[in-house]
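The chains referred to below are lettered A, B, ... by the order of the sequence lines, with proteins before strands, and numbering in each begins at 1.
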Amino acid sequence: MNPADALPSQDFIRTIIREDLKENRIKGRVHTRFPPEPNGYLHIGHAKSICLNFGIAAEFGGLCNLRFDDTNPIKEEEEFVESIKEDVRWLGFDWEDRLYYASDYFDRLYEYALKLIRKGKAYVDDLTPDQIREYRGTLTEPGRESPCRSRSVEENLDLFERMRSGEFEDGTRVLRAKIDMSSPNLNMRDPVMYRVLHAHHHRTGARWCIYPMYDFTHGQSDSIEGITHSLCTLEFEDHRPLYDWFIKELEIFAPRQIEFARLNLSYTVMSKRKLMELVEGGHVTGWDDPRMPTISGMRRRGYTPESIRNFCERIGVAKRESTVDMGLLEYSVREDLNKRARRVMAVLRPLRVIIDNYPEDRVEYLEAENNPEDPGMGSRTLPFSRELFIERDDFREDPPRKFFRLAPGREVRLKHAYYIRCEQVVKDEQTGEVTELHCTYDPETRGGWSEDGRKVRGTLHWVSAPHSIGAQVRLYDHLFLRPDPEGDRDGSDFKDHLNPRSLETLTTCRVEPGLREARPEVSFQFLRLGYFCVDSVDSSPQKPVFNRTVTLRDTWAKLEKKQKRPQQKGKGKKAV
RNA sequence: UGGGGUGUCGUCAAGUGGUAAGACACGGGCCUUUGGAGCCCGCAUUCGGAGGUUCGAAUCCUCCCACCCCAGCCA
């Protein structure tokens with residue numbers, strides 16, 4: 001049985017491939033490719049394409065190549081090819097020995113161009129860029145033919161060779177396909193195939209001073225590699241007739257191009273240009289800033305490859321343009337991390353608690369499970385002493401309705417430890433700020449359980465003050481305030497919608513001692529708070545830094561919000 | 001007002017003539033030593049609109065409307 005038949009994926013692309021297979025159009029072979037241009041870092045939108053291409057190949061028992069479409073030496077850099085390779089690998093995909101570059105095909109592409117010239121299907125044009133634009137016509141008016149269009153094959157051959165040998169300045173001559181200047185599809189109005197560019201290429205160096213255009217490269221590259229299905233985004237839909245024309249005139253293998261909608265995500269931007277602008281404008285710390293939707297940023301933030309792959313599967317593939325709710329991405333990480341992250345305790349905004357009836361110099365080691373979802377992950381031991389820290393948010397002098405946490409006279413459970421009761425609140429005389437709490441503990445409740453069936457609604461996380469270690473914690477929020485920051489309908493720039501509080505840095509956090517050994521890319525659940533991981537760039541054993549990947553679902557926060565804004569008209573949709 | 005696409009729940013998305021899957025979100029309940037997780041229930045009489053064909057239409061036909069892409073020697 002075909003493995004794909006067992007899978008539920010019903011998107012239109014897989015349906016087409018299944019039909020191609022059934023009707024034997026492709027001789028049972030499925031071959032795809034992921035073709036990035038090495039001019040920036042990969043983002044979650046690329047992940048969709050990577051999962052699609054590699055995923056389909058795997059499902060249909062086929063292959064998927066990694067190919068860099070590096071036809072523009074001015075924009076492309078080695079740094080980007082390295083980061084792209086790393087990201088694809090990290091996502092869990094393997095191109096084995098099939099790593100290619102469009103620049104590998106420069107010689108062949110040159111031969112292809114010669115072939116079209118000899119067939120009278122291509123010519124060298126002397127028009128300036130401005131003139132070419134003028135001659136192209138408009139959306140509603142046909143274009144005009146260039147005076148150079150009727151040059152002889154011999155002259156074209158000679159001129160093209162002289163373009164190649166460096167006789168002409170940049171921008172002075174191009175090679176064009178001779179198709180139809182009155183086509184309603186602008187891509188067919190004698191598109192440029194080659195331009196003169198005296199630029200150093202990251203792979204071919206100074207060997208060439210003419211470079212093929214993407215449109216004259218991509219389809220042929222796919223053809224050369226025997227790609228059966230060229231999956232690309234919607235904007236290339238009306239380039240398809242051009243690619244088909246080249247393939248037909250060149251008489252080479254014809255891949256089938258299928259276009260799908262690119263991914264958009266709420267509260268962020270996805271275009272390389274905009275991401276680049278954020279980096280260069282210093283709005284983020286780099287391509288791998290944990291707030292960026294880049295693969296490297298997400299990796300640093302604590303996202304797992306599995307969660308990204310699951311997300312890509314969940315969003316599906318279709319032709320309609322859409323914007324996926326960021327909440328779905330967050331759901332995907334939580335789902336994955338819930339199963340695999342070790343639970344630990346960390347106090348982000350510490351409030352000192354003194355257990356008055358606990359012996360001054362005593363230290364107990366309490367057992368704590370590492371993950372209630374997976375007993376196989378074992379347990380660890382936690383120091384408990386007379387002085388503790390709890391979260392400031394977990395104490396309210398004047399508790400609102402349904403607040404189950406600590407308050408004067410109230411009893412709560414300290415996770416894995418004891419029940420404690422708040423006996424006294426100490427405040428700063430000047431500011432009125434609560435500085436510490438005096439509590440008593442019930443020795444009969446060791447482990448956080450009492451025989452008498454006493455009801456204790458609240459369970460708090462805590463750390464032992466003398467044993468805990470200091471840490472910095474970075475809390476991230478949406479990079480943008482608006483679900484659709486690109487919407488510049490009102491003339492605003494997308495950067496006007498940056499969230500000024502997308503990063504909150506907490507420097508006085510206290511975490512349990514075991515976290516000293518934490519390594520990057522290993523996630524923890526800070527109990528009751530969220531998922532966190534060590535920052536791969538700024539953390540050190542002396543000064544640990546943690547990134548918050550995502551919060552836990554917080555029904556109390558939701559409830560409290562609702563209590564504060566009781567009556568609301570309709571769905572409360574605000575006109576942002 | 002040229003060409004190419006797309007319109008199904010708040011957001012994604014199945015469905016391809018037989019009477020609207022699923023996921024997230026949302027609402028309610030159960031459970032709980034994370035107000036986490038888990039579990040249960042609810043959530044489009046309707047598929048951009050209007051006509052038509054048909055016993056029967058989201059699916060076929062006609063017209064209309066809305067939105068996206070294309071005038072780089074970018075990809």
Side-chain angles (χ1 to χ4, degrees), chain A residues 8 10-11 15 35-37 39 69-72 74-76 125 127-129 132-134 136-143 170-176 182-189 191-197 210-211 213-215 217-218 232-241 259 261 266 272 314-332 334-335 338-339 343 345 369 372-373 402-405 413-417 419 445 447-449 456-461 483 525-530 551-560 571 573:
Chain A
Q10 276 302 312
D11 61 75
T15 302
E37 182 193 11
N39 70 342
D69 272 342
D70 53 353
T71 54
N72 186 348
I74 293 163
K75 291 190 184 173
E76 294 145 8
D125 199 348
L127 257 29
T128 66
I132 287 183
R133 193 183 323 118
E134 274 175 49
R136 187 152 32 224
T138 69
L139 294 178
T140 50
E141 301 154 25
D170 288 7
T172 54
R173 277 188 170 79
V174 291
L175 182 71
R176 290 232 252 171
S182 63
S183 170
N185 181 347
L186 305 221
N187 294 122
M188 302 299 272
R189 320 243 262 227
V192 173
M193 292 162 57
Y194 267 91
R195 74 284 219 188
V196 177
L197 236 38
I210 57 170
Y211 290 92
M213 297 290 291
Y214 173 85
D215 278 351
T217 306
H218 191 82
C232 65
T233 43
L234 258 23
E235 67 270 28
F236 294 106
E237 207 147 13
D238 40 43
H239 291 238
R240 184 165 13 112
E259 308 85 8
S266 59
K272 273 189 203 169
R314 252 190 280 259
I315 58 175
V317 190
K319 292 196 75 160
R320 98 179 60 128
E321 298 202 46
S322 58
T323 301
V324 174
D325 193 332
M326 179 67 90
L328 188 59
L329 218 208
E330 294 174 346
Y331 170 84
S332 298
R334 284 195 193 101
E335 175 192 52
N338 175 52
K339 288 179 296 190
R343 272 61 171 172
M345 293 202 281
E369 61 189 345
E373 299 292 317
K402 295 198 175 166
F403 183 84
F404 305 147
R405 282 111 96 145
R413 168 168 42 238
L414 293 182
K415 180 80 175 174
H416 306 307
Y419 290 178
T445 59
W449 192 254
V456 175
R457 291 289 310 258
T459 300
L460 311 188
H461 58 276
Q525 185 193 97
F526 285 5
L527 222 63
R528 302 207 304 135
L529 297 172
T551 61
L552 249 28
R553 276 185 62 213
D554 190 345
T555 33
W556 162 244
K558 208 187 285 179
L559 223 183
E560 196 182 25
K571 296 276 268 186
K573 268 219 148 187

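No contact: A:H461 has no heavy atom under 4.0 Å from any strand. A:F403 comes within 4.0 angstrom of a base, heavy atoms only. As judged by a 4.0 angstrom heavy-atom cut-off over every strand, A:I132 is placed among the base-contacting residues. Counting any heavy atom pair closer than 4.0 Å across all strands shown, A:T71 reaches sugar-phosphate atoms only and no base atom. A:D69 comes within 4.0 angstrom of the backbone, heavy atoms only, and of no base. If you check every strand for non-hydrogen atoms under 4.0 Å, A:V174 touches a base. Using a 4.0 Å heavy-atom cutoff across all strands shown, A:P35 reaches no nucleic acid atom at all. Note on A:R343: a base of the nucleic acid sits closer than 4.0 angstrom, heavy atoms only. Within the nucleic acid shown, A:K402 comes within 4.0 Å of at least one base atom, counting heavy atoms only. Across all strands, A:L127 comes closer than 4.0 Å to base atoms (heavy-atom distances). Residue-level contact check: A:L527 touches the bases, meaning some heavy atom is under 4.0 Å from a base atom. Note on A:H218: nothing from the nucleic acid sits closer than 4.0 angstrom, heavy atoms only. Using a 4.0 Å heavy-atom cutoff across all strands shown, A:S332 reaches no nucleic acid atom at all. When heavy atoms are screened at a 4.0 angstrom cut-off, A:E37 is found touching the sugar-phosphate backbone but no base atom.
Phosphate contact (OP1/OP2 of B:rA25, side-chain N/O of A:R334, threshold under 4.0 Å): absent. A:R457 has no side-chain polar atom (N or O) that falls below the 4.0 Å cut-off from OP1 or OP2 of B:rU33. Distances shorter than 4.0 Å separate some side-chain N or O of A:R195 from OP1 or OP2 on B:rC74. Between A:R314 and B:rC24 there is no side-chain polar atom (N or O) within less than 4.0 angstrom of OP1 or OP2. For B:rC74, the OP1/OP2 oxygens have no side-chain nitrogen or oxygen of A:K272 closer than 4.0 Å. Remark: A:T217 is not in phosphate contact with B:rA75, judged by side-chain N or O atoms under 4.0 Å from OP1 or OP2. Of the side-chain N and O atoms in A:Q10, one or more sit less than 4.0 angstrom from OP1 or OP2 of B:rG15. Residue A:R189 places none of its side-chain N or O atoms closer than 4.0 Å to OP1 or OP2 of B:rA71. The shortest distance between the side-chain N/O atoms of A:T138 and the OP1/OP2 oxygens of B:rG2 is not below 4.0 Å. Look at A:Y331 and you'll find a side-chain N or O under 4.0 angstrom from OP1 or OP2 of B:rC24.
Summarising the geometry, atom CZ belonging to A:R173 is positioned 11.0 Å from atom CG belonging to A:L127; distances are rounded to the nearest 0.5 Å.
Taking the O4'-C1'-N9-C4 or O4'-C1'-N1-C2 dihedral as appropriate, B:rG18 has a value more than 90° from 0 and is therefore anti.
Side-chain N/O atoms of A:N185 and base N/O atoms of B:rG4 include no donor-acceptor pair closer than 3.5 Å.
In this structure, B:rC63 and B:rG49 make a Watson-Crick or G-U wobble pair, each of the two defining distances being under 3.5 angstrom.
Contact check for A:V174 versus A:I132: side-chain heavy atoms found under the 4.5 Å cut-off.
Annotation: of the two residues near RNA chain B, A:R133 and A:E141, the 5′-most nearest-nucleotide partner is A:E141. Both A:R320 and A:L529 lie close to RNA chain B; mapped to their nearest nucleotides by heavy-atom distance, the more 5′-ward contact belongs to A:R320.
The interatomic distance linking A:H239 (NE2) with B:rG5 (C1') rounds to 13 Å, in whole Å. Counting to the nearest Å, the P atom of B:rG5 and the CD atom of A:E235 are 15 Å from each other. Protein atom CZ of A:R136 is 15 Å distant from nucleotide atom C1' of B:rG3, rounded to whole Å. For A:L328 and B:rC9, the CG to C1' distance is 16 Å, given to the nearest whole Å. Rounded to whole angstrom, the span from the OH atom of A:Y211 across to the C1' atom of B:rG72 amounts to 18 Å.
Partner of A:E37 under the side-chain contact (heavy atoms from CB on, under 4.5 Å) criterion, chosen from A:D70, A:N72, A:T71: A:N72.
Using cut-offs of 30° and 60° on the angle between ring planes, the pair A:W556 and A:F403 is perpendicular.
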Verdict with reasoning, A:K272 to A:K75, per side-chain contact (heavy atoms from CB on, under 4.5 Å): CA-CA 12 Å; A:K272 273 189 203 169; A:K75 291 190 184 173; over 6 Å; no
